[in-house]
Colleague: 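Handing you this structure, nothing more for now.
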Amino acid sequence: MYQAPRGTSDILPPEQKYWSYIRHTASSICQLYGYQRIDTPTFEDARLFVRSIGESTDIVEKEMYSFEDKGGDPITLRPEGTAPVCRAYVEHGMHNLPQPVRLYYMASIFRYERPQAGRYREHHQFGVEALGAADPALDAEVIDMAWQLYVNLGLKGIALSLNSIGCSNCRPRYLEVLKSYYTQHKESLCPDCKRRLGKNTLRLLDCKTPSCFALNEQAPRSMDYLCQECADHFNQLRNYLNLLNLPFSLSHRLVRGLDYYTRTVFEIAPEGETGAQVAIGGGGRYDDLIEQLGGKPTPAVGFATGIERLVLNLKKQDVVVPALFPLTVFIAHLGQEARDEAMKLTSHLRKSGISTIASLSDKSLKAQLKQANVSGARYSIIIGEDEVKSRTVTLRNMAKGEQQTVPIDKLAEALR
RNA sequence: GUGGGCGUAGCCGAGCGGUUUAAGGCGCCAGGUUGUGGCCCUGGAGAACGAGGGUUCGAAUCCCUCCGCUCACCCCA
């Protein structure tokens, strides 16, 4: 028997109301903030991701779904959403549009890793990117959107962590300081961190191994090594967040897993949750990425949130989400003539915008009404010989258990 | 890649070497008389117990291998 591949899952009808709720909430926020939807391909030239995400990140080192297509081109299933949007920005000359360009996407994301709670090989992200402005007000806007999304979804007790990791001017110096700090304490580092020390020093900061953890608390902080511009930017951002009443806590160990981030980085997670995969969303500024991808120097900022994790949290918090597509009418019929009538009536009601299903069987009325009950339809319509003769139907309100005879041409009216 | 837990009908789940030709619940189907649902009652269909091998007179129950699921680590959404 076939099964969905490891780390993937079917989103079955009973789940769909959560997905629909999230999609609607997200897109209405995007509308409010003036963001427009963009869809990019599910797969891209593999090199796009290697260049943007960084060679020595986990994603590129071991998590990409990569293959050669039949033409021999290197292809990768999208492991994150930002790089493709930047590629599209450059490819379509969006620097000619009024800046910043505000975009959002909802897309499948693929990473080859061992699945566990809240982590999958194919998952879905909703993300926004604001490209073409360095103003910290834009960082605040993006963070505000993220926050507002969670608030509007009805999630409680979420916390925002914030950091600035500097820019291409000030970061090199910070990295040197950081590297020499860890080198001094090399003996107490975990094996992973020893290995990473030369390649991706920033990432040592969020190692959770107990021995490293203590060391990380004492480590030099990027916030203390920002150049004047970055420091000003960060200060302004914090002012804006205060203006918007967005509570945040500074986290000097927050660095994010992708190489392209500059300045602002942030993460949002339910308060008090521990463990590694609790973050429901995160993002930051990536001022050098578009230039790296062959565009003009273009500062930008964005964030993404994992839809599966949102669903998980909505359920955990017992958030009530609206039901999907309630059925209005179920038609039961008795006898061939009635069945023909039901067929026509079903079509008529559907054309009038009334959701309708008719029984497919010639079973007893009892059995058909049972189906009607399970279908969740608000009304049942019963057509038998009497009704056919008199050009009427029996209209039954399922919740009240009351019914009346309605002329067939008055039916659409009676249902309003 | 590493470590732990688990694998019995569509779903949940009892059984843990011998009246098991495998409970029970949900769901599904049919009936409880004539054209009426949701509650109740009755009946029915549906599993050779993840796969393969072994131990034994006898295995869903013990052992081995594999596969799968799951949780955790690494890391991320």
Side-chain angles (χ1 to χ4, degrees), chain A residues 1-9 12 14 22 53 56-64 78-82 106-127 146 190-193 195-196 200 203 206-210 212 254-258 267-270 274-283 303-313 330 332-335 338 359 361-388 393-403:
Chain A
M1 200 160 84
Y2 290 108
Q3 286 177 277
R6 162 174 285 202
T8 68
S9 54
L12 300 172
I22 291 167
I53 298 170
S56 63
T57 56
D58 278 2
I59 291 181
V60 171
E61 276 187 348
K62 53 183 196 186
E63 294 176 2
M64 295 206 307
R78 168 179 52 215
E80 64 102 30
T82 299
M106 300 193 202
S108 276
I109 302 290
F110 304 87
R111 292 183 201 163
Y112 187 86
E113 48 190 345
R114 292 285 290 267
Q116 68 186 70
R119 194 174 68 193
Y120 312 96
R121 289 186 172 178
E122 179 184 17
H123 75 277
H124 299 79
Q125 289 185 5
F126 159 68
C190 71
D192 270 339
C193 284
R195 186 178 55 78
R196 279 192 293 228
N200 203 334
R203 295 278 305 292
D206 71 355
C207 180
K208 281 108 192 163
T209 308
C212 298
L254 176 63
V255 296
R256 312 281 301 153
L258 313 179
E267 223 166 71
I268 297 177
T274 54
Q277 58 291 327
V278 297
I280 53 179
F303 103 96
T305 191
I307 298 181
E308 280 81 353
R309 287 188 187 174
L310 290 180
V311 173
L312 237 43
N313 280 279
F330 184 96
H333 47 73
L334 294 159
S359 170
S361 72
D362 298 317
K363 290 194 274 199
S364 67
L365 181 59
K366 182 192 181 83
Q368 294 188 52
L369 280 181
K370 209 165 194 172
Q371 289 183 354
N373 189 49
V374 173
S375 78
R378 283 195 293 144
Y379 299 96
S380 285
I381 286 175
I382 299 164
I383 308 177
E385 289 174 26
D386 300 346
E387 287 86 350
V388 171
V393 300
T394 299
L395 178 64
R396 181 175 179 83
N397 181 315
M398 294 301 278
K400 291 183 183 162
E402 295 165 357
Q403 61 189 38

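In the text below, chain A, chain B and the rest are named by the order of the sequence lines, each starting its count at 1. Everything numeric here is computed off the predicted structure, so don't read it as measured data.
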Colleague: Distance between the C1' atoms of B:G58 and B:C66, in whole angstroms?
Modeller: 26 Å
Colleague: Could you please name the option among B:A30, B:C71, B:G37 that lies closest to any side-chain atom of A:Lys363?
Modeller: B:A30
Colleague: Measure from NE2 on A:His333 to C1' on B:G35 and round the result to the nearest Å.
Modeller: 13 Å
Colleague: Could you pull out all residues at least two apart from A:His123 that satisfy ring-ring contact (aromatic ring centres under 6.0 Å, His included)?
Modeller: none
Colleague: Verify the contact: side-chain N or O of A:Arg114 to OP1 or OP2 of B:U2, cut-off strictly under 4.0 Å; return yes or no.
Modeller: no
Colleague: How is A:Gly401 classified with respect to the nucleic acid when contacts are heavy atoms under 4.0 Å: base, sugar-phosphate, or nothing?
Modeller: base
Colleague: Please enumerate all residues that pass side chain to side chain donor-acceptor pair (under 3.5 Å) together with A:Thr82, with sequence neighbours excluded.
Modeller: A:Glu129, A:Tyr260
Colleague: Can you work out whether A:Asp386 or A:Gly282 has the more 5'-proximal nearest nucleotide on RNA chain B?
Modeller: A:Asp386
Colleague: Would you say a side-chain N or O of A:Arg6 is under 4.0 Å from OP1 or OP2 of B:U70?
Modeller: no
Colleague: Kindly express the pairing pattern of RNA chain B in dot-bracket notation, using | wherever a base pairs with another strand and counting only Watson-Crick or G-U pairs under 3.5 Å.
Modeller: ((((((((.[[[..)..(.....]]].(((((.......))))).....[[[[[..)....]]]]])))))))....
Colleague: When you measure from the side chain of A:Glu113, which nucleotide among B:U36, B:C71, B:A77 comes out closest?
Modeller: B:A77
Colleague: Only counting residues at least two apart or in another chain, list the ones meeting side chain to side chain contact (heavy atoms under 4.5 Å, CB included) with A:Arg378.
Modeller: A:Thr328
Colleague: Using OP1 and OP2 only, check whether a side-chain N or O of A:Lys366 sits under 4.0 Å from B:G32.
Modeller: no
Colleague: Sequence neighbours left out, what passes side chain to side chain donor-acceptor pair (under 3.5 Å) with A:Glu122? Give chain and number order.
Modeller: A:Ser108
Colleague: Do A:Arg121 and A:Tyr112 meet the cation-pi criteria used here (NZ or CZ under 6.0 Å from the six-membered ring centre, within 45° of the axis)?
Modeller: yes
Colleague: Does a side-chain N or O from A:Gln116 land closer than 4.0 Å to OP1 or OP2 of B:U70, or not?
Modeller: no
Colleague: Choose from B:C69, B:U36, B:A77 the nucleotide whose nearest atom is closest to any side-chain atom of A:Ala279.
Modeller: B:A77
Colleague: Students often get this wrong, so: under 4.0 angstrom with heavy atoms, is A:Glu61 touching a base, only sugar-phosphate, or nothing?
Modeller: nothing
Colleague: Indicate, with a heavy-atom threshold strictly under 4.0 Å, whether A:Ala332 touches base, sugar-phosphate, or nothing.
Modeller: nothing
Colleague: Taking side chain to side chain contact (heavy atoms under 4.5 Å, CB included) as the test, write out the residues that go with A:Ser9, two or more places apart.
Modeller: none
Colleague: Do A:His124 and A:Met106 have side chains that approach each other closer than 4.5 Å (heavy atoms only, starting at C-beta)?
Modeller: no
Colleague: Side chain of A:Ile382 only, please: which of B:U36, B:G38, B:A77 is the nearest?
Modeller: B:U36
Colleague: Send over the distance from A:Lys370 NZ to B:A30 P, rounded to a whole Å.
Modeller: 8 Å
